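Written out below as structure tokens is the structure these notes cover.
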Amino acid sequence: MKKQVVSVSILQNAKVMAALYLVISIPLTLFMTIPALLTQGVGVSLMAAVLMPLLYTLFGFVFTLFGAWVYNLIAARIGGFEFTTAEAGRNFAKD
């Protein structure tokens with residue numbers, strides 16, 4: 001059975017993506033902070049370790065908010081993402 005996503009919740013999607021970006025940014029920041037500690041000292045590294053997750057989360061929220069809004073505009077005019085669903089455990093034919 002084909003289904004189509006014609007609208008997404010803008011704020012809810014932005015909140016969820018911001019949370020995902022926060023979780024993803026923490027280990028990335030730690031990996032990026034290690035070389036900075038060796039070359040630039042503790043001050044710059046500490047500032048980067050605090051700012052990077054916050055900025056990554058903020059930009060993830062803002063860009064997802066904008067992207068969901070644009071998706072809704074486009075989907076209202078030409079239709080949304082289309083996908084095929086199947087019951088779990090069953091084989092399904094490809095289109």
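Hydrogens, waters and symmetry mates are skipped; everything else that's a heavy atom, side chains included, is used. Nothing here was measured: the structure is a model prediction, and the numbers come from that model.
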Gap between atom CG of L20 and atom OG1 of T64 - 0.5 Å precision: 9.0 Å

Test side-chain contact (heavy atoms from CB on, under 4.5 Å) applied to I24 - qualifying residues, sequence neighbours left out: L28, Y56

Nearest-0.5 Å distance that lies between atom CZ in F63 and atom CG in L58: 9.0 Å

V16 reachable from Y21 in the ILVMFWY side-chain graph, under 4.5 Å edges: yes

Nearest-0.5 Å distance, NZ of residue K15 to CZ of residue F61: 8.0 Å

By side-chain contact (heavy atoms from CB on, under 4.5 Å) - contacts of S7 (at least two apart): N72

Nearest-0.5 Å distance, CD of residue Q12 to CE of residue M17: 12.5 Å

Distance, nearest 0.5 Å, that separates CD of E82 from NZ of K2: 5.0 Å

Flag side-chain contact, heavy atom, 4.5 Å: V5 against F83: yes

Whichever hydrophobic residues join M32 through chains of side-chain contacts under 4.5 Å: M52

For L54, the rest of its hydrophobic cluster, which grows through side-chain links under 4.5 angstrom: V50

Hydrophobic cluster identity match, L11 and L73, side-chain contacts under 4.5 Å: yes

Residues forming a side-chain contact (heavy atoms from CB on, under 4.5 Å) with F81, sequence neighbours excluded: Y71

Contacts of type side-chain contact (heavy atoms from CB on, under 4.5 Å), residue V70, not counting sequence neighbours: F66, I74

Residue F31 excluded, over 12 heavy atoms near CZ under 6.0 Å: no

Where G80 and A75 come nearest, the two heavy atoms and their spacing: CA-CB, 3.8 Å

Check: S25 side chain, L22 main-chain N or O, donor-acceptor pair, under 3.5 Å: yes

